[in-house]
Amino acid sequence: MKRFGEALNRSSDETSPIEHAAREFHGYYGSQYALPADDAERQRLLIQHNCLKRIFENRILLVPVALGPDDRVLEIGTGPGLWLLNLAQSVDPAVQMLGVDITPDSFHPLPRTILPADWADTFTLVHQRLLMIALRIHEWPQALREIYRVLRPGGWIQLRECQPYYEGEFPNKPCMEKLVSMYRCLVKSRNLYIDCAADIPGMLKEAGFVDIQVEERPQYMGKWAGEDGAANAANHLAFFRGMKTPILEAGGYGKIATESEYDALVEGLEKEWEEIAGIKREFYIFWARKPESQ
Ligand SMILES: C[S@@+](CC[C@H](N)C(=O)[O-])C[C@H]1O[C@@H](n2cnc3c(N)ncnc32)[C@H](O)[C@@H]1O
(Lines give C-alpha, C1' and ligand atoms only; values in the text may rest on other atoms or scores of the structure.)
Protein backbone atom coordinates (compact mmCIF):
# COMPACT_ATOMS: atom_id res chain seq x y z
CA MET A 1 0.00 0.00 0.00
CA LYS A 2 1.19 3.50 -0.68
CA ARG A 3 -0.01 6.83 0.59
CA PHE A 4 -2.37 8.33 -1.95
CA GLY A 5 -0.46 11.38 -3.09
CA GLU A 6 2.91 9.73 -3.54
CA ALA A 7 2.44 8.53 -7.10
CA LEU A 8 0.66 11.60 -8.38
CA ASN A 9 2.08 14.52 -10.29
CA ARG A 10 1.54 17.81 -8.53
CA SER A 11 -0.35 20.45 -10.47
CA SER A 12 0.94 24.01 -10.70
CA ASP A 13 -1.36 25.32 -7.93
CA GLU A 14 -0.01 22.77 -5.45
CA THR A 15 2.82 23.65 -3.07
CA SER A 16 4.80 21.66 -0.49
CA PRO A 17 2.79 19.18 1.57
CA ILE A 18 1.59 20.30 5.01
CA GLU A 19 2.68 17.96 7.79
CA HIS A 20 -0.21 15.93 9.20
CA ALA A 21 -1.28 12.55 10.51
CA ALA A 22 -2.23 10.92 7.21
CA ARG A 23 -5.15 8.54 6.89
CA GLU A 24 -5.07 5.32 4.90
CA PHE A 25 -5.56 5.65 1.13
CA HIS A 26 -5.28 3.21 -1.76
CA GLY A 27 -3.82 4.63 -4.94
CA TYR A 28 -4.36 1.40 -6.82
CA TYR A 29 -4.50 1.32 -10.61
CA GLY A 30 -3.48 5.00 -10.72
CA SER A 31 -6.82 6.00 -9.19
CA GLN A 32 -7.48 9.66 -8.44
CA TYR A 33 -10.10 8.75 -5.82
CA ALA A 34 -9.96 11.45 -3.14
CA LEU A 35 -11.34 9.72 -0.03
CA PRO A 36 -9.66 7.36 2.44
CA ALA A 37 -10.16 3.62 2.79
CA ASP A 38 -10.08 3.11 6.55
CA ASP A 39 -12.44 2.28 9.41
CA ALA A 40 -13.59 5.88 9.84
CA GLU A 41 -14.51 6.03 6.15
CA ARG A 42 -16.35 2.71 6.36
CA GLN A 43 -18.37 4.13 9.27
CA ARG A 44 -19.13 7.24 7.20
CA LEU A 45 -20.32 5.08 4.31
CA LEU A 46 -22.73 3.30 6.63
CA ILE A 47 -24.18 6.61 7.89
CA GLN A 48 -24.40 7.76 4.27
CA HIS A 49 -26.13 4.58 3.10
CA ASN A 50 -28.81 4.98 5.78
CA CYS A 51 -29.27 8.69 5.03
CA LEU A 52 -29.63 8.01 1.31
CA LYS A 53 -32.18 5.31 1.93
CA ARG A 54 -34.28 7.60 4.11
CA ILE A 55 -34.42 10.46 1.61
CA PHE A 56 -35.71 8.06 -1.04
CA GLU A 57 -38.40 6.60 1.27
CA ASN A 58 -36.24 3.53 2.04
CA ARG A 59 -36.18 2.52 -1.62
CA ILE A 60 -32.78 1.40 -2.85
CA LEU A 61 -33.89 0.19 -6.29
CA LEU A 62 -35.98 2.37 -8.60
CA VAL A 63 -35.46 0.19 -11.66
CA PRO A 64 -38.70 -1.63 -12.56
CA VAL A 65 -37.27 -5.14 -12.54
CA ALA A 66 -38.19 -8.31 -10.67
CA LEU A 67 -34.95 -10.18 -10.14
CA GLY A 68 -35.01 -13.99 -10.34
CA PRO A 69 -32.57 -16.92 -10.15
CA ASP A 70 -31.23 -16.34 -13.67
CA ASP A 71 -30.35 -12.72 -13.01
CA ARG A 72 -26.93 -11.30 -12.19
CA VAL A 73 -26.38 -7.94 -10.49
CA LEU A 74 -23.12 -5.98 -10.60
CA GLU A 75 -22.19 -3.04 -8.41
CA ILE A 76 -19.23 -0.86 -9.40
CA GLY A 77 -17.37 1.04 -6.66
CA THR A 78 -19.19 -1.10 -4.12
CA GLY A 79 -17.00 -0.13 -1.12
CA PRO A 80 -18.12 -2.34 1.79
CA GLY A 81 -21.04 -3.57 -0.35
CA LEU A 82 -23.80 -1.92 1.69
CA TRP A 83 -26.18 -1.47 -1.24
CA LEU A 84 -25.67 -5.05 -2.50
CA LEU A 85 -26.14 -6.54 0.96
CA ASN A 86 -29.30 -4.50 1.37
CA LEU A 87 -30.62 -5.61 -2.02
CA ALA A 88 -29.84 -9.24 -1.19
CA GLN A 89 -32.33 -9.05 1.70
CA SER A 90 -35.22 -8.31 -0.63
CA VAL A 91 -34.63 -10.57 -3.65
CA ASP A 92 -34.51 -14.27 -4.44
CA PRO A 93 -31.38 -15.67 -2.73
CA ALA A 94 -30.41 -17.32 -6.04
CA VAL A 95 -29.80 -13.92 -7.69
CA GLN A 96 -26.05 -13.69 -8.29
CA MET A 97 -24.41 -10.53 -7.01
CA LEU A 98 -20.96 -9.20 -7.71
CA GLY A 99 -19.34 -6.05 -6.34
CA VAL A 100 -16.13 -4.55 -7.72
CA ASP A 101 -13.92 -1.84 -6.29
CA ILE A 102 -10.34 -0.62 -6.40
CA THR A 103 -9.81 -1.26 -2.68
CA PRO A 104 -8.01 -4.52 -2.03
CA ASP A 105 -10.26 -5.64 0.83
CA SER A 106 -13.40 -5.19 -1.25
CA PHE A 107 -15.41 -8.04 -2.76
CA HIS A 108 -13.57 -8.12 -6.07
CA PRO A 109 -10.71 -5.69 -6.74
CA LEU A 110 -10.69 -4.60 -10.36
CA PRO A 111 -8.90 -1.94 -12.33
CA ARG A 112 -10.94 1.17 -12.97
CA THR A 113 -13.38 1.57 -15.78
CA ILE A 114 -12.49 -1.47 -17.89
CA LEU A 115 -14.49 -4.60 -17.12
CA PRO A 116 -13.51 -8.13 -18.22
CA ALA A 117 -14.20 -8.91 -21.89
CA ASP A 118 -16.16 -12.08 -21.07
CA TRP A 119 -18.71 -10.12 -19.00
CA ALA A 120 -20.38 -8.82 -22.19
CA ASP A 121 -24.21 -9.12 -22.19
CA THR A 122 -24.20 -10.76 -18.75
CA PHE A 123 -25.89 -8.60 -16.09
CA THR A 124 -29.57 -7.76 -15.63
CA LEU A 125 -28.73 -4.78 -13.43
CA VAL A 126 -25.63 -2.66 -12.87
CA HIS A 127 -25.55 -0.23 -9.95
CA GLN A 128 -23.04 2.54 -9.35
CA ARG A 129 -23.31 5.08 -6.53
CA LEU A 130 -21.28 8.15 -5.69
CA LEU A 131 -18.25 7.95 -7.96
CA MET A 132 -18.29 11.71 -8.51
CA ILE A 133 -14.93 12.12 -6.76
CA ALA A 134 -13.56 8.87 -8.16
CA LEU A 135 -13.84 9.00 -11.95
CA ARG A 136 -12.16 11.64 -14.08
CA ILE A 137 -14.05 13.62 -16.70
CA HIS A 138 -12.93 11.41 -19.59
CA GLU A 139 -13.55 8.21 -17.58
CA TRP A 140 -17.29 8.77 -17.09
CA PRO A 141 -18.35 8.13 -20.72
CA GLN A 142 -15.95 5.15 -20.83
CA ALA A 143 -17.45 3.73 -17.64
CA LEU A 144 -21.00 4.09 -18.97
CA ARG A 145 -20.05 2.44 -22.26
CA GLU A 146 -18.52 -0.44 -20.30
CA ILE A 147 -21.67 -0.81 -18.21
CA TYR A 148 -23.73 -0.86 -21.41
CA ARG A 149 -21.47 -3.58 -22.79
CA VAL A 150 -21.79 -5.88 -19.77
CA LEU A 151 -25.58 -5.47 -19.48
CA ARG A 152 -27.68 -8.08 -21.22
CA PRO A 153 -30.11 -6.67 -23.83
CA GLY A 154 -33.05 -5.20 -21.90
CA GLY A 155 -30.89 -4.88 -18.75
CA TRP A 156 -30.89 -1.85 -16.46
CA ILE A 157 -28.42 0.65 -15.09
CA GLN A 158 -29.05 2.61 -11.88
CA LEU A 159 -26.75 5.47 -10.85
CA ARG A 160 -26.90 7.77 -7.87
CA GLU A 161 -24.97 11.02 -7.63
CA CYS A 162 -25.44 14.36 -5.94
CA GLN A 163 -25.27 18.06 -6.62
CA PRO A 164 -21.75 19.27 -5.78
CA TYR A 165 -20.83 22.27 -3.63
CA TYR A 166 -20.00 25.45 -5.53
CA GLU A 167 -17.59 28.23 -4.58
CA GLY A 168 -19.30 31.53 -3.78
CA GLU A 169 -22.49 29.72 -2.75
CA PHE A 170 -22.03 30.25 0.99
CA PRO A 171 -21.23 33.94 1.62
CA ASN A 172 -22.47 33.82 5.24
CA LYS A 173 -20.63 30.59 6.05
CA PRO A 174 -16.87 31.40 5.93
CA CYS A 175 -15.66 27.93 7.04
CA MET A 176 -17.84 26.24 4.43
CA GLU A 177 -16.67 28.69 1.77
CA LYS A 178 -12.97 27.96 2.50
CA LEU A 179 -13.43 24.20 2.64
CA VAL A 180 -15.40 24.21 -0.61
CA SER A 181 -12.73 26.32 -2.26
CA MET A 182 -10.01 23.78 -1.33
CA TYR A 183 -12.20 20.84 -2.33
CA ARG A 184 -12.81 22.47 -5.72
CA CYS A 185 -9.04 22.99 -6.19
CA LEU A 186 -8.41 19.35 -5.33
CA VAL A 187 -10.97 17.92 -7.75
CA LYS A 188 -9.84 20.31 -10.48
CA SER A 189 -6.21 19.22 -10.06
CA ARG A 190 -7.30 15.58 -10.44
CA ASN A 191 -9.75 16.27 -13.26
CA LEU A 192 -12.58 14.62 -11.30
CA TYR A 193 -16.11 15.03 -12.61
CA ILE A 194 -17.91 16.30 -9.52
CA ASP A 195 -20.41 18.11 -11.72
CA CYS A 196 -21.30 14.80 -13.42
CA ALA A 197 -24.94 14.65 -12.22
CA ALA A 198 -26.05 17.39 -14.61
CA ASP A 199 -24.50 15.52 -17.55
CA ILE A 200 -25.50 11.95 -16.70
CA PRO A 201 -28.72 11.86 -18.80
CA GLY A 202 -26.76 13.05 -21.87
CA MET A 203 -23.93 10.60 -21.24
CA LEU A 204 -26.42 7.72 -20.83
CA LYS A 205 -28.03 8.61 -24.14
CA GLU A 206 -24.63 8.86 -25.80
CA ALA A 207 -23.73 5.38 -24.50
CA GLY A 208 -26.88 3.94 -26.15
CA PHE A 209 -29.28 3.73 -23.20
CA VAL A 210 -33.03 4.34 -23.60
CA ASP A 211 -35.90 5.07 -21.18
CA ILE A 212 -33.64 7.42 -19.21
CA GLN A 213 -35.31 8.55 -15.99
CA VAL A 214 -34.41 10.44 -12.85
CA GLU A 215 -35.83 11.16 -9.41
CA GLU A 216 -34.36 13.76 -7.09
CA ARG A 217 -34.68 14.53 -3.40
CA PRO A 218 -33.18 17.32 -1.28
CA GLN A 219 -30.90 16.41 1.59
CA TYR A 220 -30.74 18.99 4.41
CA MET A 221 -27.64 19.44 6.57
CA GLY A 222 -27.77 20.29 10.29
CA LYS A 223 -29.75 19.71 13.47
CA TRP A 224 -32.22 22.42 12.39
CA ALA A 225 -33.49 19.77 9.95
CA GLY A 226 -34.18 17.23 12.73
CA GLU A 227 -32.71 13.76 13.21
CA ASP A 228 -32.16 13.23 9.50
CA GLY A 229 -30.50 16.65 9.17
CA ALA A 230 -28.11 15.76 12.02
CA ALA A 231 -27.19 12.43 10.36
CA ASN A 232 -26.71 14.11 6.97
CA ALA A 233 -24.44 16.71 8.60
CA ALA A 234 -22.42 13.97 10.33
CA ASN A 235 -21.90 12.30 6.96
CA HIS A 236 -20.83 15.48 5.17
CA LEU A 237 -18.55 16.58 8.06
CA ALA A 238 -16.85 13.17 7.87
CA PHE A 239 -16.54 13.71 4.12
CA PHE A 240 -14.61 16.96 4.69
CA ARG A 241 -12.43 15.22 7.32
CA GLY A 242 -11.71 12.55 4.70
CA MET A 243 -10.56 15.21 2.24
CA LYS A 244 -7.98 16.54 4.70
CA THR A 245 -5.05 14.31 3.70
CA PRO A 246 -5.14 15.01 -0.06
CA ILE A 247 -5.71 18.73 0.54
CA LEU A 248 -2.79 18.96 2.99
CA GLU A 249 -0.59 16.85 0.71
CA ALA A 250 -1.33 19.39 -2.00
CA GLY A 251 -0.16 22.19 0.33
CA GLY A 252 -3.57 23.63 1.26
CA TYR A 253 -4.02 25.64 -1.97
CA GLY A 254 -3.01 28.87 -0.25
CA LYS A 255 -6.03 28.71 2.11
CA ILE A 256 -4.42 27.06 5.14
CA ALA A 257 -0.88 26.45 6.39
CA THR A 258 -1.34 23.84 9.13
CA GLU A 259 -3.35 20.75 9.94
CA SER A 260 -4.92 22.46 12.96
CA GLU A 261 -6.22 25.24 10.70
CA TYR A 262 -7.98 22.61 8.61
CA ASP A 263 -9.41 20.92 11.72
CA ALA A 264 -10.64 24.29 13.00
CA LEU A 265 -12.45 24.87 9.70
CA VAL A 266 -14.31 21.57 10.00
CA GLU A 267 -15.25 22.38 13.62
CA GLY A 268 -16.42 25.81 12.48
CA LEU A 269 -18.41 24.21 9.69
CA GLU A 270 -20.31 22.10 12.18
CA LYS A 271 -21.30 25.26 14.07
CA GLU A 272 -22.26 27.07 10.86
CA TRP A 273 -24.59 24.21 9.95
CA GLU A 274 -26.11 24.25 13.44
CA GLU A 275 -26.51 28.00 13.72
CA ILE A 276 -27.39 29.04 10.18
CA ALA A 277 -30.11 26.92 8.62
CA GLY A 278 -30.30 26.34 4.93
CA ILE A 279 -27.65 24.04 3.49
CA LYS A 280 -29.15 21.42 1.23
CA ARG A 281 -27.94 19.24 -1.62
CA GLU A 282 -30.02 17.52 -4.26
CA PHE A 283 -29.51 13.77 -4.61
CA TYR A 284 -30.42 12.04 -7.87
CA ILE A 285 -31.16 8.48 -8.84
CA PHE A 286 -30.92 7.88 -12.58
CA TRP A 287 -31.98 4.72 -14.30
CA ALA A 288 -32.08 3.59 -17.92
CA ARG A 289 -32.30 0.48 -20.07
CA LYS A 290 -30.14 -1.17 -22.69
CA PRO A 291 -32.42 -1.78 -25.70
CA GLU A 292 -33.56 -5.37 -26.37
CA SER A 293 -32.23 -5.20 -29.90
CA GLN A 294 -29.39 -3.01 -31.14
C1 LIG B 1 -17.94 7.29 -2.04
S2 LIG B 1 -17.52 5.60 -2.04
C3 LIG B 1 -19.12 4.86 -2.34
C4 LIG B 1 -19.18 3.40 -1.99
C5 LIG B 1 -20.51 2.73 -2.33
N6 LIG B 1 -20.82 2.89 -3.73
C7 LIG B 1 -21.63 3.33 -1.49
O8 LIG B 1 -22.40 4.13 -2.04
O9 LIG B 1 -21.72 2.98 -0.30
C10 LIG B 1 -16.74 5.37 -3.62
C11 LIG B 1 -16.17 3.97 -3.82
O12 LIG B 1 -15.68 3.89 -5.15
C13 LIG B 1 -14.45 3.19 -5.15
N14 LIG B 1 -13.73 3.59 -6.36
C15 LIG B 1 -13.00 4.70 -6.55
N16 LIG B 1 -12.52 4.74 -7.79
C17 LIG B 1 -12.95 3.62 -8.41
C18 LIG B 1 -12.79 3.09 -9.71
N19 LIG B 1 -12.09 3.72 -10.63
N20 LIG B 1 -13.36 1.90 -10.01
C21 LIG B 1 -14.09 1.23 -9.07
N22 LIG B 1 -14.28 1.70 -7.82
C23 LIG B 1 -13.73 2.87 -7.49
C24 LIG B 1 -13.79 3.59 -3.85
O25 LIG B 1 -12.77 2.70 -3.46
C26 LIG B 1 -14.99 3.62 -2.91
O27 LIG B 1 -15.19 2.36 -2.32
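For the single chain, residues carry numbers from 1 onward in sequence order. Order of listing sets the numbers, starting from 1, for every ligand and every atom in it.
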- [ ] Pick one of side chain, backbone, both or neither for how T78 approaches ligand 1, counting any non-hydrogen atom pair under 4.0 Å.
- [x] backbone
TODO: Give the atoms of ligand 1, by number and element, whose distance to some non-hydrogen atom of A134 is under 4.0 Å.
DONE: 15 (C), 16 (N)
Open item on the list: Show the atoms of ligand 1 that are less than 4.0 angstrom away from any heavy atom in G79.
Closed with: 27 (O)
Open item on the list: Considering only residues two or more places apart or on different chains, which pairs with a residue in residues 217-244 satisfy salt bridge (charged side-chain N to carboxylate O under 4.0 Å, His left out)?
Closed with: R54-D228, E57-R217, E215-R217, K223-E274, K244-E259, K244-D263
- [ ] Would you confirm whether E261, through its side chain, and A257, through its main-chain N or O, come within 3.5 Å as a donor-acceptor pair?
- [x] yes
Open item on the list: For the aromatic rings, using the six-membered ring if either is Trp, is the centroid distance between W83 and H127 under 6.0 Å?
Closed with: yes
TODO: Please say whether G77 places an N or O atom under 3.5 Å from an N or O atom belonging to ligand 1.
DONE: yes
- [ ] Determine whether the side chain, the backbone, both or neither of L131 has a heavy atom under 4.0 Å from any heavy atom of ligand 1.
- [x] side chain
Task: N/O separation below 3.5 Å, R129 to ligand 1 - done: yes
Task: Proximal atoms of ligand 1 relative to L130 (non-hydrogen, under 4.0 Å) - done: 1 (C), 10 (C)
Using atom types as modelled, flag every donor-acceptor pair under 3.5 Å from a side chain in residues 203-211 to any protein atom, sequence neighbours excluded.
| unit_1 | atom_1 | unit_2 | atom_2 | d |
| --- | --- | --- | --- | --- |
| D211 | OD2 | R289 | NE | 2.9 |
| D211 | OD2 | R289 | NH2 | 3.0 |

TODO: Would you check if the side chain of D101 reaches a backbone N or O of T78 as a donor-acceptor pair within less than 3.5 Å?
DONE: yes
Open item on the list: Within the 4.0 Å heavy-atom shell around L135, which atoms of ligand 1 are there?
Closed with: 19 (N)
Open item on the list: Taking the six-membered ring for Trp, are F239 and Y165 closer than 6.0 Å centroid to centroid?
Closed with: no
